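In what follows, a structure is listed as structure tokens, so that the remarks can point back to it.
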There are 2 protein chains.
Amino acid sequence: MAVSKKDSEEQEFLRQYNIHDYDIPLTSVDLVIFTIRDNLLQVLLVKRGDHPYKGKWALPGGFIDVQRDTNLDATALRKLREKTGVEAPYLEQLQGFGSKDRDPRGWSSTFVYFALISSETVELRHGAGADEAVWYPLEGQNAQKPVVKLAFDHSAILELALQRLRSKVEYTSLPAYLLPAEFTLSELQQVYEIILGRPLDKSSFRKRIKEGDFLDELPGRQRLGSNRPAQLFAVRAGLASASFNPLSRA
Amino acid sequence: MAVSKKDSEEQEFLRQYNIHDYDIPLTSVDLVIFTIRDNLLQVLLVKRGDHPYKGKWALPGGFIDVQRDTNLDATALRKLREKTGVEAPYLEQLQGFGSKDRDPRGWSSTFVYFALISSETVELRHGAGADEAVWYPLEGQNAQKPVVKLAFDHSAILELALQRLRSKVEYTSLPAYLLPAEFTLSELQQVYEIILGRPLDKSSFRKRIKEGDFLDELPGRQRLGSNRPAQLFAVRAGLASASFNPLSRA
DNA sequence: TCAATAGTGTCTGTCAGACACTATCAC
DNA sequence: GTGATAGTGTCTGACAGACACTATTGA
């Protein structure tokens, strides 16, 4: 098929197009990675090894690698893997932020992701050029604002992520991703209570979860102790990284 | 106060930093602008005047102007004003999109905004360099996918925006922003029905709206006709552009 | 009077939360 | 048996939706 005049005109345009001719903003991807450790909700922070804000605590993140990353999700997953070794978490985009003055290098925008992982599957990467990474606990139940001041506008971003987590927990199965692959309903209820900061009724909690129909009972698998053994459950396969509202009544 | 070694080191870093040294993605802001016209939900589309996708229909949008725009919201508001003349709509960020191949010019990312405006306040900008702009109806009630194929990945983005609109309508006051400043409860109910594609019960609709407590009754203002006159309402001041869930039961 | 739409009242089935109950293990 | 936690059953108040009713205008 011959190349039409229109096509060749477009190709000429693209040939002459050079992104470096324009004033454009910096664009990065940042991550708010939550987990449960020691019965507390915790978030992953890194100490910045480079300017700007060198030595300050920040959310993990970085620039899009236009050679290797095929899309934004890929960038987020790569960053997550680099910091934690985790491959398949719950991951969703939180929101974008961008302004003239959030980064001293100039106009800067970032796509912020929101990840939930089980702390048992994590190996934090240390040493050898890697920025120092720590789990930072978001104080217990009544837990207002995080205490540390973070680099850039990351404190505000963390605040928003927390809000989003709390509001989504009300009607979704998200907290299941904060636990190891196998867990009991009591353990799951405890996670809901940690995030929401208030006790839940056992009976209605179990009713909702069962009706939500996003957990699989693992036949024969039980957690033993000096009490009645507890049935183990797992998140139903195929739901990871997806958007879904199992507890919604809509 | 003397400039510390650390500060001057950072300043030196910033002096040498040049964004044009890096391979970075294109970053733009796009808008999904909804309104109600002729009892149909409609979305604003523009015909592209430049490459790429010249002559194709697309969502309105463009690049961030790093000189004039102080933040992402400002870019979105500016674009909205340029296309429609509207100053104060309901505006929220929908989601970011970015990938290697969504734009033939190279790695491209976009922050997509979601706007609701009253069609009565709009003057579409035509002629003189402006791209042609039209309201495109999203077919009536059962209304599945939009028919036109849009440029870039805009068809998928529009699809997602529609989903988001429909799901938010279930429990928020959003539809009020699709109407003129003053409206009756029956008119508002009609908008909900258009978006959801199903009839609502008058009594429970009115109960919910009144309890939501986001409308102000306009004393003395009534819509007349050859029937009982209807009380006029307005969205409570101070809620515009804000995030809120008046109908939520949480 | 009628036609038309605005606006209210009542009933009922559903369901979430409160709370008490039973079950099953280690010791 | 006891202590501890798992898991279930029952009741009740709140409330959303169905539907019938009343209200108020123009013609």
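Naming convention: chains lettered A, B, ... in sequence-line order (proteins, then strands); numbering from 1 in each chain. In this text, all values refer to a predicted model and were calculated from it rather than measured experimentally.
Separation of atoms CG (Leu178(A)) and CD (Glu187(A)) is listed at 13.0 Å; rounding is to 0.5 Å. Expressed to the nearest 0.5 Å, how far CH2 of Trp57(A) lies from CD of Glu132(A) amounts to 4.5 Å.
When distances run from any side-chain atom of Lys210(B) to the nucleotides dG7(D), dT10(C), dT8(C), the shortest one goes to dT8(C). For Ser203(B), counting side-chain heavy atoms from C-beta on, the closest listed nucleotide (dA6(C), dT10(D), dG9(C)) is dG9(C). Comparing atom distances between the Ser204(A) side chain and each of dG7(D), dA16(D), dA16(C) picks out dA16(C) as nearest.
Between the CG atom of Leu232(B) and the P atom of dA6(C) there is a distance of 11 Å, given to the nearest Å. As a whole-Å value, the separation of Phe205(B) CZ from dA16(D) P is 14 Å. Atom pair Leu200(B):CG and dC19(D):C1' shows a separation of 16 Å (rounding to whole Å applied). We find that CD of Gln231(B) is positioned 15 Å from C1' of dT8(C), with the value rounded to whole Å. Atom NZ in Lys202(A) sits about 14 Å away from atom P in dA23(C), given to the nearest Å. The nearest whole Å value for the distance from the CZ atom in Arg206(B) to the P atom in dC15(D) is 20 Å. The CD-C1' distance, from Glu193(A) to dT5(D), rounds to 14 Å in whole Å. When the P atom of dC19(D) is taken as reference, atom NZ of Lys207(B) falls 14 Å away, rounded to whole Å.
Within 6.0 Å of CZ on Arg223(B) lie more than 12 heavy atoms contributed by other residues, nucleotides or ligands.
One axis for each end of the helix from dT1(C)-dA27(D) to dC27(C)-dG1(D), each built from five base pairs, and the angle between them comes to 10° at 10° resolution.
Of all heavy-atom pairs spanning Ala161(B) and Val32(B), the tightest one is CB-CG1, 3.7 Å. Across all their heavy atoms, Gln93(B) and Gly96(A) have their closest contact at NE2-N, 2.7 Å.
Looking only at distances, no side-chain donor or acceptor of Arg37(B) sits under 3.5 Å from a matching main-chain atom of Trp135(B).
Across all strands shown, Ser186(A) has heavy atoms under 4.0 Å from sugar-phosphate atoms exclusively, and none from any base.
For Ser109(B) and Thr27(A), the side-chain atoms include no donor-acceptor pair closer than 3.5 Å. Side-chain contact of Gln163(B) with Glu159(B): a donor-acceptor pair under 3.5 Å is absent, judged by distance alone.
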Under-3.5 Å N/O pairs linking protein and nucleotides 24-27 of chain C:
| residue | atom | partner | partner atom | Å |
| --- | --- | --- | --- | --- |
| dT24(C) | O2 | Arg228(A) | N | 2.9 |
| dC25(C) | O2 | Asn227(A) | N | 3.1 |

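The pair Glu170(B)-Arg198(B) counts as a salt bridge, with a side-chain nitrogen and a carboxylate oxygen less than 4.0 angstrom apart.
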